[in-house]
Colleague: 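What follows is a single structure, and I will ask about it in a moment.
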There are 6 protein chains.
Amino acid sequence: MKRIDGRKPDQLRAVTVKPNFTKHAHGSCLICFGETQVICTAMAEEGVPSFLKGKGSGWVTAEYGMLPGSCPSRVRRDASSGRAQEIQRLIGRSLRSVVDLSALGEQTVKVDCDVIQADGGTRTASITGGFIALALAFKRLRKEKRLAQLPLLDHVAAISVGIHEGVAVLDLNYQEDSSAEVDMNVVMTAKGGLVEVQATAERKPFSKPQMEKMVALAQNGIRELISLQKKYIKGI
Amino acid sequence: MKRIDGRKPDQLRAVTVKPNFTKHAHGSCLICFGETQVICTAMAEEGVPSFLKGKGSGWVTAEYGMLPGSCPSRVRRDASSGRAQEIQRLIGRSLRSVVDLSALGEQTVKVDCDVIQADGGTRTASITGGFIALALAFKRLRKEKRLAQLPLLDHVAAISVGIHEGVAVLDLNYQEDSSAEVDMNVVMTAKGGLVEVQATAERKPFSKPQMEKMVALAQNGIRELISLQKKYIKGI
Amino acid sequence: MKRIDGRKPDQLRAVTVKPNFTKHAHGSCLICFGETQVICTAMAEEGVPSFLKGKGSGWVTAEYGMLPGSCPSRVRRDASSGRAQEIQRLIGRSLRSVVDLSALGEQTVKVDCDVIQADGGTRTASITGGFIALALAFKRLRKEKRLAQLPLLDHVAAISVGIHEGVAVLDLNYQEDSSAEVDMNVVMTAKGGLVEVQATAERKPFSKPQMEKMVALAQNGIRELISLQKKYIKGI
Amino acid sequence: MKRIDGRKPDQLRAVTVKPNFTKHAHGSCLICFGETQVICTAMAEEGVPSFLKGKGSGWVTAEYGMLPGSCPSRVRRDASSGRAQEIQRLIGRSLRSVVDLSALGEQTVKVDCDVIQADGGTRTASITGGFIALALAFKRLRKEKRLAQLPLLDHVAAISVGIHEGVAVLDLNYQEDSSAEVDMNVVMTAKGGLVEVQATAERKPFSKPQMEKMVALAQNGIRELISLQKKYIKGI
Amino acid sequence: MKRIDGRKPDQLRAVTVKPNFTKHAHGSCLICFGETQVICTAMAEEGVPSFLKGKGSGWVTAEYGMLPGSCPSRVRRDASSGRAQEIQRLIGRSLRSVVDLSALGEQTVKVDCDVIQADGGTRTASITGGFIALALAFKRLRKEKRLAQLPLLDHVAAISVGIHEGVAVLDLNYQEDSSAEVDMNVVMTAKGGLVEVQATAERKPFSKPQMEKMVALAQNGIRELISLQKKYIKGI
Amino acid sequence: MKRIDGRKPDQLRAVTVKPNFTKHAHGSCLICFGETQVICTAMAEEGVPSFLKGKGSGWVTAEYGMLPGSCPSRVRRDASSGRAQEIQRLIGRSLRSVVDLSALGEQTVKVDCDVIQADGGTRTASITGGFIALALAFKRLRKEKRLAQLPLLDHVAAISVGIHEGVAVLDLNYQEDSSAEVDMNVVMTAKGGLVEVQATAERKPFSKPQMEKMVALAQNGIRELISLQKKYIKGI
């Protein structure tokens with residue numbers, strides 16, 4: 001079996017990171033998974049949502065957007081999209097899974113993931129890059145004495161896997177994704193714990209062995225991504 | 001290990017169905033998983049969304065809501081909720097996975113799942129009951145000659161599983177769900193194919209063997225639910 | 001003259017009440033006027049709207065909704081409807097007319113009336129059932145020591161009347177309502193005081209004697225409804 | 001008994017009308033009931049709402065607004081108000097009761113009632129002035145050959161009545177309205193038919209004889225208003 | 001060259017002002033530039049926007065609206081219009097340019113400009129009349145001891161100029177405005193300082209000498225308007 | 001006088017352009033004026049707004065947004081901003097001033113300008129970069145035979161000028177802009193015609209000679225920008 005872009009089934013696309021891509025956010029990066037490009041920024045604000053007030057805990061939340069020109073058909077700017085809501089909830093949960101919210105104190109960090117160019121895997125790029133932006137923001141907040149210690153418990157990254165023409169493949173691009181039978185997103189920590197597993201049959205249902213195969217593929221991919229993350233956030 | 005309500009780890013709550021609960025919808029039921037109660041109605045309309053126009057295919061979509069008095073704290077009626085968006089997208093995908101959309105012709109069936117009383121598992125009750133409402137609607141549409149044949153490819157049902165105090169348990173009620181370490185929803189067909197698997201670590205990440213254990217538990221629960229569904233929609 | 005469903009002009013439809021229909025609300029019931037079915041729930045919250053703050057008075061307000069499957073044509077969930085606004089203002093005013101707001105203290109009770117199935121008279125069923133839910137909520141709040149005394153001044157109920165084929169009739173169902181010449185809703189207390197009278201000519205104007213005839217019919221119907229209410233809220 | 005402004009119980013405030021107050025609308029007037037001032041404009045557009053398409057019938061509808069500076073406390077411009085919705089539905093129904101919609105053909109007349117200064121009775125001034133604007137618009141449309149005949153079946157006007165300090169009084173100003181025990185609005189045609197009667201107990205319920213007294217008072221007031229209307233729309 | 005309505009190129013339309021046009025606002029006027037009619041009201045409220053809290057400064061802001069019947073085609077009431085946003089920001093900036101916000105104390109004055117009839121130049125009429133309403137409000141607030149001194153630094157007024165059939169003309173009406181090659185609005189103080197200059201080429205770009213010609217014309221017009229304003233607000 | 005960043009009063013910041021920055025849009029660029037960075041994309045769609053239907057003319061419109069992380073304080077994603085509305089209307093008018101809409105045929109080109117990093121002058125960077133994206137889109141549409149000829153009449157660019165500490169300066173960065181006495185934006189074509197001139201006194205009014213000085217400065221800056229644009233769109 002040969003993939004559209006010549007990759008092996010278990011091969012990631014070229015993944016690149018430009019840390020500190022913008023200057024105003026506390027932490028930021030531009031992350032690319034092949035032709036998918038996402039700007040991730042993390043900004044801290046004093047205060048927490050009302051359900052946390054007075055509990056001495058912080059909060060991390062995420063928002064996800066697509067620039068109008070990021071897709072072959074223009075994306076309407078004011079479209080309130082169920083898909084975007086779902087993705088930003090996933091990003092938020094994933095990032096919170098590795099943050100010690102009580103060590104954060106009563107502040108909120110908002111991580112914004114804005115897709116500049118979409119070619120499949122925007123949500124997994126957002127989680128992987130969002131973690132880098134968040135870690136860089138924590139670094140800066142510690143430097144500015146707004147944090148006594150680094151409130152990170154672990155690293156987290158995410159990747160997509162799928163069944164394409166009957167074969168389990170890693171990190172699908174848009175063309176593969178459109179014709180895949182099954183689409184799965186896996187979020188995992190550096191220590192190997194699973195944080196989120198979401199599998200969807202697009203055409204026909206899948207079997208348990210197929211699912212296990214996909215999870216194994218994803219675990220390898222995520223280990224690779226976490227190695228990459230570490231280069232950009234070392235010394236935090 | 002003993003569950004709060006005395007059930008065994010692999011035991012469903014009492015599940016009851018009142019088919020044809022309301023008279024105006026083409027198909028409807030009131031489904032209860034223990035104290036969780038959901039009214040499901042399915043109504044057909046001529047026409048399809050614009051992306052399907054002229055393709056000779058039909059569409060099935062779902063909406064999910066909670067009555068203000070369904071929860072211990074009143075649910076605001078106008079709250080546009082990311083959670084509701086996510087759930088209704090899941091219900092819609094799950095139902096479409098067993099419908100032959102081309103056999104439906106250019107009509108849209110909207111399945112509404114309105115939670116009367118919430119006690120955990122409202123999304124899985126919605127999928128399981130939504131399928132019954134949909135099947136009953138198809139039956140009525142065939143009787144009214146708006147369908148030449150039954151556009152159903154399979155049955156579909158859903159159940160939640162989780163890790164609670166270290167043990168994998170089936171069909172969590174609200175109290176269990178609130179303190180579970182992992183929360184998983186599984187959607188499966190009568191033929192045993194997996195349609196959706198969504199697992200979320202609420203406190204700490206989970207391992208691959210834990211995930212496999214949960215999926216096995218869910219498969220048994222869903223088989224039981226599908227047997228129940230068949231009682232109410234036989235002869236369709 | 002013979003009514004569509006065989007009733008006499010001054011005869012109510014079968015009215016049934018299931019008190020405590022749901023468990024989370026402080027008070028609730030399912031009320032049916034023939035095939036019209038409405039779930040009424042009453043929930044108390046600390047605090048009052050800003051115009052009442054610091055005045056030592058409480059507040060009672062109502063919201064009205066229709067489930068999507070409650071009508072022959074599906075009701076859009078997000079439709080902001082002038083009709084619904086008007087009905088919920090009427091329900092709120094009617095309920096407040098029999099509540100001693102100062103005895104309620106600085107808390108707000110929200111009464112939600114959600115139509116499960118519509119067949120005419122949903123607003124009058126909502127007022128009649130909403131009063132039961134409210135009274136049951138007051139009972140529970142007193143038991144929970146959130147109320148020192150019962151803040152009820154009187155009972156209240158409502159009924160529709162109309163001119164149908166030239167004859168004044170009580171409690172119109174949907175089919176009668178659609179072809180009635182005049183539609184009137186009357187809200188009255190147990191002591192016989194009129195709280196609201198709303199009469200609308202649908203086809204041709206009506207005369208003062210016709211109006212008086214309708215009011216008399218309504219007064220009798222409401223007396224019957226209040227007797228029924230008393231069964232479910234006795235001992236409060 | 002002496003009224004705040006020296007009027008007798010059955011006396012209207014000074015009512016003045018400036019017809020053709022603005023030049024762009026097909027018909028318009030400024031109507032004043034004492035210090036209450038409302039600009040009414042009527043504009044015709046081709047086409048009808050979707051529920052009337054292809055039936056050869058026209059439509060008349062109304063919108064009601066308050067200028068921000070019309071009240072002692074500034075009215076927010078973007079406030080979506082249940083009260084405004086209710087009032088504009090009342091104005092629309094009242095005007096339609098005297099229009100032969102089939103003689104109007106497939107066009108829609110929108111009547112806008114904008115309160116410049118509020119001092120009680122804005123809805124009844126809107127109906128009374130809205131009818132003049134509508135009639136003047138019909139006159140102009142006939143002149144422009146957009147109407148073959150005048151689609152008016154009757155005249156319509158409205159007035160408020162109430163119980164103030166135990167006495168039934170006509171045409172309440174804001175100060176009276178704020179302290180009235182009962183507030184009633186009556187809409188009636190020139191031929192004496194009742195179109196709408198809406199009575200609300202503000203403090204304590206009212207009796208049937210009180211209601212009859214108020215209706216009688218309103219009937220006299222409306223007859224006076226219709227005489228006034230006729231001066232401005234004669235020759236139509 | 002002859003203008004449509006016979007005016008000379010440097011001639012204003014008839015400008016009239018009715019001060020204190022409504023009674024509830026602290027200051028108000030009806031201002032007419034020819035057939036353009038705008039109601040301006042100014043109302044003070046305690047408090048300032050959050051960005052000014054605790055700074056001891058006040059705020060002046062403006063809102064602009066058009067009544068539905070103010071234009072040949074009915075203006076939709078709920079249309080959120082970019083044009084209106086732009087105009088009300090311009091009015092607000094213009095008025096603030098002559099107010100000593102610190103002398104105002106922590107209160108906000110809202111100036112509402114509602115167009116009753118539009119015939120070109122509604123934004124310049126709004127600024128010119130808005131200033132009168134604001135000054136009258138200041139006068140009343142001082143009388144009511146809510147202001148220790150008059151917080152006005154200067155007078156301000158505005159006028160439109162344009163290039164029409166190649167000639168620079170002052171105060172364009174709607175017909176001229178629609179066919180003008182260039183449209184310019186100038187806001188200036190009594191002392192002659194420019195506050196805003198906005199020039200837009202509608203058809204073809206304009207030259208620097210043309211711009212200077214237009215500014216000179218506007219300066220003369222504004223001097224005339226300020227003389228007029230002074231008649232209505234003298235003694236403040 | 002010395003500027004904050006060492007520039008001379010009449011000196012632009014470093015301006016860089018990356019044409020074809022994203023692959024999906026018909027034309028695109030990343031444009032930087034110093035630290036201000038804007039992604040401009042232009043996408044064509046069949047059809048025109050309703051007011052142009054059937055007239056054989058095309059349309060060009062613009063939208064402007066700021067990424068949440070583009071400013072020192074996070075920009076809310078859902079904030080409907082009067083400022084954004086005003087800017088996108090300005091961009092749209094400026095671009096249309098150099099497009100032959102009838103040569104475009106019945107298609108609409110939407111130009112999106114999304115600010116990645118803001119440091120003053122985002123609207124002028126958007127116009128200057130938006131023109132490049134538009135020209136590149138026209139080039140591609142001609143290649144794809146969706147355009148018979150290039151519908152461009154001229155080039156257009158924009159720059160800000162201001163009075164800062166009494167001196168007229170070109171291309172203000174954020175720090176200068178915040179403390180400038182006067183802020184002016186000028187839009188001009190390659191042929192030297194003025195398209196838009198918007199001058200606002202931020203602190204104290206300005207004089208006519210000051211305005212003339214600023215316009216002269218802007219004209220020189222724009223000539224420089226247009227030379228730069230030509231490098232990236234030559235051969236179109």
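Chain naming here is simple, since letters A, B, ... match the order of the sequence lines and numbering starts at 1 in each.
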Colleague: Considering only heavy atoms, which portion of Arg83(E) lies under 4.5 Å from any heavy atom of chain F: side chain, backbone, both, or neither?
Modeller: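 It is both, since atoms from each part get that close.
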Colleague: For Gln175(E), I'd like to know if atom CD has over 12 heavy atoms of other residues, nucleotides or ligands within 6.0 Å.
Modeller: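 12 or below, so no.
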Colleague: So, for Ser207(F) and Leu194(E), which heavy atoms are closest and what is the spacing to 0.1 Å?
Modeller: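 What the structure gives for the nearest pair is C-CD1, 4.0 Å.
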Colleague: What part of Met211(F) is in contact with chain E, defined as an atom under 4.5 angstrom from a non-hydrogen atom: side chain, backbone, both or neither?
Modeller: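 Met211(F) touches chain E through side-chain heavy atoms alone.
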Colleague: Under 4.5 Å heavy-atom distance to chain F, tell me which part of Ala84(E) shows up: side chain, backbone, both or neither.
Modeller: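 Neither the backbone nor the side chain of Ala84(E) comes within 4.5 Å of chain F.
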Colleague: Looking only at heavy atoms and a cut-off of under 4.5 Å, which of Met184(E), Lys208(E), Met188(E), Gln198(E) has the most pairs with chain F?
Modeller: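 When all of Met184(E), Lys208(E), Met188(E), Gln198(E) are compared, Lys208(E) has the most.
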Colleague: Under the side-chain contact (heavy atoms from CB on, under 4.5 Å) rule, what do Val197(F) and Phe206(E) come out as? Steps first, then yes or no, please.
Modeller: CA-CA 10 Å; Val197(F) 175; Phe206(E) 54 95; 4.0 Å; yes
Colleague: Against chain F, label Gln219(E) side chain, backbone, both or neither, depending on which of its atoms sit under 4.5 Å from a heavy atom there.
Modeller: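 Looking at Gln219(E), just its side chain touches chain F.
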Colleague: Find the distance between NZ (Lys191(F)) and NZ (Lys204(E)) and round it off to the nearest 0.5 Å.
Modeller: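 Atom-to-atom, Lys191(F):NZ and Lys204(E):NZ are 12.0 Å apart.
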Colleague: Please determine whether side-chain contact (heavy atoms from CB on, under 4.5 Å) holds for the pair Arg89(F) and Glu86(E), giving the CA-CA distance in whole Å, both sets of side-chain angles, and the decisive distance to 0.1 Å.
Modeller: CA-CA 9 Å; Arg89(F) 284 163 52 87; Glu86(E) 208 168 311; 2.6 Å; yes
